[in-house]
Peer 1: 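Handing you a structure now.
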Amino acid sequence: MLKKKLTKKVYECRAKDLLNVVADVKSYVDFIPFCSDVDIYNKFASQELEYFSARLLINFKFAAETFETKVTVNRKMNTISITGNTKPFRSLIAEWSFIEKDNYCEVTFYLEVSFTSFVKEKIVSISFDKIALNIIDAFESRTLS
């Protein structure tokens, strides 16, 4: 099982704005590298909480993977929780938190994942920081545009 945590300061950005971009899973195909299709279903929303399921298609140079997640967006706590257990994952837990500071937003991304393939787990383990920073940068660019 892989457990990783990455924290980054995103300047000139409000926590709620960045949370809204990360929570807008349907638009990932427009700006997240490798994401080529998203389907949102079983959606429920109140003023503070939003729950939905998402099916994502990820295309790498040599393979394509579809997986499903359950997403909880807590706008009061500025957090997003993601869980899944469909291939290629044996288990997936991802947590986003967004903390408003004076002139920046502190973004923390925590991932606890186990893959059905040992090779995939090793590849992600080796390149996690680079992949996570690229994704956070994509969210940041989307927020600032």
Peer 1: Table please: side-chain donor-acceptor pairs of residues 38-50 below 3.5 Å, with sequence neighbours left out.
Peer 2:
{"from": "Asp39", "atom 1": "OD2", "to": "Arg55", "atom 2": "NH1", "distance (Å)": "2.8"}
{"from": "Tyr41", "atom 1": "OH", "to": "Glu68", "atom 2": "OE1", "distance (Å)": "2.6"}
{"from": "Lys43", "atom 1": "NZ", "to": "Glu50", "atom 2": "OE2", "distance (Å)": "3.4"}
{"from": "Ser46", "atom 1": "OG", "to": "Leu49", "atom 2": "N", "distance (Å)": "3.2"}
{"from": "Ser46", "atom 1": "OG", "to": "Leu49", "atom 2": "O", "distance (Å)": "3.3"}
{"from": "Glu50", "atom 1": "OE1", "to": "Arg75", "atom 2": "NH2", "distance (Å)": "2.8"}

Peer 1: Hey, does Lys4 have a side-chain heavy atom less than 4.5 Å from the side chain of Leu2?
Peer 2: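 Sidechains of Lys4 and Leu2: in contact.
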Peer 1: Side-chain heavy atoms under 4.5 angstrom apart, residues restricted to Ile, Leu, Val, Met, Phe, Trp, Tyr: same cluster for Ile80 and Phe67?
Peer 2: yes
Peer 1: Hey, is the main chain of Asn20 close enough, under 3.5 Å, to the side chain of Asp24 for a donor-acceptor pair?
Peer 2: no
Peer 1: Are side-chain heavy atoms of Arg142 and Asp30 found at a separation under 4.5 Å?
Peer 2: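 A side-chain contact exists here, since the closest heavy-atom pair is under 4.5 Å.
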Peer 1: Residues sharing Tyr11's hydrophobic cluster, by side-chain heavy-atom contacts under 4.5 Å among ILVMFWY, directly or via others?
Peer 2: Tyr104
Peer 1: If you measure from CG on Leu18 to CD on Glu106, what distance do you get to the nearest 0.5 Å?
Peer 2: 12.0 Å
Peer 1: Over 60° means perpendicular and under 30° means parallel, so classify the ring planes of Phe115 and Phe89, tilted if in between.
Peer 2: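 Ring orientation, 0 to 90° scale: tilted.
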Peer 1: Between Tyr51 and Ile82, is there shared hydrophobic-cluster membership here, with clusters defined by ILVMFWY side-chain heavy atoms closer than 4.5 Å?
Peer 2: no
Peer 1: Got a sec, which hydrophobics cluster with Met1, joining ILVMFWY side chains under 4.5 Å apart, including via others?
Peer 2: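 The other cluster members (ILVMFWY side chains, heavy atoms under 4.5 Å, direct or chained): none.
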Peer 1: Can you tell me how far the CD atom of Glu100 sits from the CG atom of Asp17, to the nearest 0.5 Å?
Peer 2: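 Going from CD on Glu100 over to CG on Asp17, the span is 8.0 Å.
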Peer 1: Report the residues that fulfil side chain to side chain donor-acceptor pair (under 3.5 Å) with Asn85, sequence neighbours left out, ordered by chain and then residue number.
Peer 2: none
Peer 1: Side chains of residues 107-114: which donor-acceptor partners sit under 3.5 Å, not counting sequence neighbours?
Peer 2:
{"from": "Thr108", "atom 1": "OG1", "to": "Thr7", "atom 2": "OG1", "distance (Å)": "3.1"}
{"from": "Tyr110", "atom 1": "OH", "to": "Glu112", "atom 2": "OE1", "distance (Å)": "2.7"}
{"from": "Ser114", "atom 1": "OG", "to": "Arg90", "atom 2": "NH1", "distance (Å)": "3.4"}

Peer 1: Would you please indicate yes or no on a ring centroid separation below 6.0 angstrom for Phe34 and Tyr28?
Peer 2: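 Judged by ring-centre distance (under 6.0 Å), Tyr28 and Phe34 do not meet the cut-off.
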Peer 1: Among residues at least two apart in sequence or on other chains, which ones pass ring pair (Phe, Tyr, Trp, His ring centres under 6.0 Å) with Phe52?
Peer 2: none
Peer 1: Between Thr116 and Pro88, is there a donor-acceptor pair closer than 3.5 Å when you use the side chain of the first and the backbone of the second?
Peer 2: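 Flag set: sc Thr116 to bb Pro88 pair under 3.5 Å.
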Peer 1: So which atom in Cys105 and which in Ala15 form the shortest heavy-atom distance, rounded to 0.1 Å?
Peer 2: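 Looking at all heavy atoms of both residues, the shortest contact is SG-CA, 3.6 Å.
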